[in-house]
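Just so we're on the same page: letters track the sequence lines, and every chain starts at 1. Every heavy atom of this structure was used, including side-chain atoms; hydrogens, water molecules and symmetry mates were not. Please read all numbers here as calculations on a predicted model, not as lab measurements.
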There are 2 protein chains.
Amino acid sequence: MKATDSRNLHGHVIRELGKRIVVGDLRPGDVLPREEDLAESMDVSRTALREALKVLSAKGLIESRPRVGTRVRATHFWNQLDADVLSWRCASMPTDDFIEKLVEMREIIEPAAAAAAARRRTATQLAQVDLAYRKMEAARDTEEWAAADLSFHDAVLQATGNELMISLFSVVESALGMFFVLSAKTAGDFSYSLPQHLKVLEAIRRQQPEVARKAMQGMIADSLANLRKKRKGRTKKAS
Amino acid sequence: MKATDSRNLHGHVIRELGKRIVVGDLRPGDVLPREEDLAESMDVSRTALREALKVLSAKGLIESRPRVGTRVRATHFWNQLDADVLSWRCASMPTDDFIEKLVEMREIIEPAAAAAAARRRTATQLAQVDLAYRKMEAARDTEEWAAADLSFHDAVLQATGNELMISLFSVVESALGMFFVLSAKTAGDFSYSLPQHLKVLEAIRRQQPEVARKAMQGMIADSLANLRKKRKGRTKKAS
DNA sequence: CTCGGTACGTTTGTATGATAAATTTCGGAC
DNA sequence: GTCCGAAATTTATCATACAAACGTACCGAG
């Protein structure tokens with residue numbers, strides 16, 4: 001689910017510059033080349049470049065002022081929850097520090113969401129969670145499983161009926177995405193968390209908020225433990 | 001803290017169109033007039049209009065395709081957490097339903113943030129929370145109090161050291177903003193929540209996560225009760 | 001010598017017009 | 001009736017020009 005469409009020309013420019021900034025290639029305070037030069041160096045017209053700059057501006061990454069130019073803003077101005085910013089940060093192997101922050105967000109968001117879902121879910125919303133669970137059961141490879149897992153967590157968020165909560169899916173998506181990448185090497189055991197998903201599903205079905213919350217907490221705790229194990233192995237291998 | 005700068009011409013267009021969409025004047029599925037006509041009707045060049053459309057596109061509000069035109073996207077595509085989208089929604093007296101959702105987000109975000117802050121806060125971060133609290137104590141009118149209150153809740157978020165958490169300030173800001181507006185009529189008693197803020201501050205100072213969490217929960221619960229009381233009065237008056 | 005204001009140059013902001021690309025729609029051939 | 005291609009419309013992109021804003025440096029007054 002890429003927010004910026006890379007088919008369009010200025011979409012490409014957005015991604016290119018956005019990544020460079022988020023990754024740290026361009027640092028806060030740095031001023032970009034003048035629009036005319038930058039446009040030429042990226043092989044687009046100044047018009048297209050400016051449309052991209054406006055979008056990056058809206059994401060809080062840059063700020064343009066006449067005469068002084070366009071410069072990268074301090075990180076605390078960035079829309080860290082923006083789907084693009086998140087995906088750009090995850091694109092170039094994020095620091096362990098950032099992964100911890102993503103997991104912390106999951107620990108806060110998802111148990112609360114599971115509880116709210118158990119409290120208020122409609123029949124159709126429950127059916128969506130159930131469907132996602134059955135797709136996880138039926139998954140035959142990691143790719144299918146990843147897609148089903150994502151749709152499960154999405155369905156839980158949807159079942160809260162709170163669109164603000166639902167918009168936090170981009171955070172959950174990034175966290176799960178990182179997890180998939182780090183777990184890719186040791187595939188095969190990708191269904192170990194199925195029972196925990198079932199617990200969440202059943203709690204939502206039976207409308208037991210606290211049970212759903214605990215089940216989700218457990219799932220994330222396990223996921224975190226697994227992540228740390230993988231990471232330790234990776235670090236050990238690297239050293 | 002307005003994200004889009006209204007000084008610029010296209011910033012004005014962003015706000016104008018964005019509000020119309022978020023408020024519901026333009027409904028999902030509606031197609032906007034052709035760029036040339038729309039630009040003329042808003043007294044800007046097509047260039048400026050397109051820069052605005054790109055930003056609204058990045059916020060998920062609209063989608064442009066050649067030949068078919070620009071149309072308003074379904075609400076589930078909107079970046080509901082975007083500071084602009086939130087402020088536009090709050091600008092025209094939001095529905096009670098939306099206020100409930102904002103409060104629910106607070107109930108999830110802020111207690112968790114308080115706990116994390118208590119766990120990890122640095123000395124300087126604590127000092128910021130303390131400073132905000134003292135500004136609340138010293139506030140002489142509702143305006144000063146509102147500013148201090150906002151900076152208190154901001155400082156708690158900052159103290160988590162998690163930039164993803166910090167970015168959720170826009171949600172807290174909107175929720176508090178609504179509360180201030182609804183409480184405006186019955187001013188004077190604006191300091192009743194001071195003891196609760198003190199509890200949070202002290203728990204963070206003493207690094208007691210669970211105490212901080214409970215204190216924050218209590219504060220929000222009271223705030224919600226107060227809100228419902230006000231709203232009932234308002235509804236009764238209106239009927 | 002310092003302070004302040006003014007003129008100048010640079011960069012973004014905005015406007016205009018033209019061309020390319022994409023996609024729906026309509027019409028014609030089979 | 002169906003399928004394929006041409007046309008028309010709208011966004012996408014480009015090129016150019018001018019306006020506005022904002023440092024900066026220069027100049028003059030005290």
Side-chain angles (χ1 to χ4, degrees), chain A residues 2-18 20-21 26-74 77 84, chain B residues 2-18 20-21 26-74 77 84:
Chain A
K2 46 178 70 176
T4 50
D5 198 345
S6 190
R7 290 179 315 217
N8 293 330
L9 190 44
H10 74 267
H12 181 252
V13 177
I14 292 173
R15 274 191 15 161
E16 216 49 48
L17 287 177
R20 269 201 253 167
I21 292 172
L26 292 167
R27 304 172 137 271
D30 287 356
V31 325
L32 277 56
R34 4 186 333 252
E35 289 178 353
E36 200 173 347
D37 296 345
L38 190 54
E40 189 189 8
S41 77
M42 302 194 81
D43 273 310
V44 296
S45 70
R46 205 185 140 208
T47 308
L49 174 72
R50 276 183 60 81
E51 288 177 0
L53 291 182
K54 285 305 162 194
V55 172
L56 293 175
S57 216
K59 294 184 191 299
L61 298 183
I62 59 176
E63 188 180 30
S64 298
R65 298 170 67 92
R67 166 66 193 176
V68 65
T70 301
R71 58 180 168 185
V72 180
R73 298 184 79 182
F77 284 112
D84 285 324
Chain B
K2 46 179 70 175
T4 50
D5 199 345
S6 189
R7 291 179 313 217
N8 292 330
L9 190 43
H10 72 266
H12 177 69
V13 177
I14 292 173
R15 275 192 10 163
E16 216 49 47
L17 287 177
R20 270 202 251 168
I21 292 172
L26 291 168
R27 304 173 137 268
D30 286 356
V31 325
L32 278 56
R34 347 180 357 241
E35 290 179 351
E36 201 173 347
D37 295 346
L38 190 54
E40 189 189 8
S41 77
M42 303 195 80
D43 272 310
V44 296
S45 69
R46 206 183 138 210
T47 308
L49 174 71
R50 275 183 61 81
E51 288 177 1
L53 291 182
K54 286 304 163 194
V55 172
L56 293 175
S57 216
K59 295 184 191 299
L61 298 183
I62 60 175
E63 186 181 30
S64 297
R65 299 170 64 92
R67 166 66 190 174
V68 65
T70 301
R71 57 180 168 185
V72 180
R73 297 184 78 181
F77 285 111
D84 284 324

Atom pair distance, as rounded to whole Å: CG in A:Asp37 and P in C:dT11: 8 Å
N-O pairing of B:Asp30 and B:Arg71 below 4.0 Å: no
Flag side-chain contact, heavy atom, 4.5 Å: A:Val13 against A:Leu53: no
Opening and closing nucleotides of DNA chain D in contact with chain B, under 4.0 Å to non-hydrogen atoms: D:dT9 to D:dT13
A:Leu53 CG - C:dT11 P separation (whole Å): 15 Å
B:Arg27 and B:Val72, any side-chain heavy atoms less than 4.5 Å apart: no
Distance (rounded to the nearest 0.5 Å) between A:Arg50 CZ and A:His10 NE2: 14.0 Å
A:Ile62 CD1 to A:Leu26 CG distance, which is reported to the nearest 0.5 Å: 10.0 Å
Check ion pair B:Glu36-B:Arg46 (N to O, under 4.0 angstrom): no
Per-nucleotide protein contact string for nucleotides 15-24 of chain C (B base, S sugar-phosphate only, - none; heavy atom under 4.0 Å): BB-B----BB
side-chain contact (heavy atoms from CB on, under 4.5 Å) involving B:Ser64 - partner list, sequence neighbours excluded: B:Thr70
Main-chain N/O of B:Arg34 paired with B:Asp37 side-chain donor or acceptor, under 3.5 Å: no
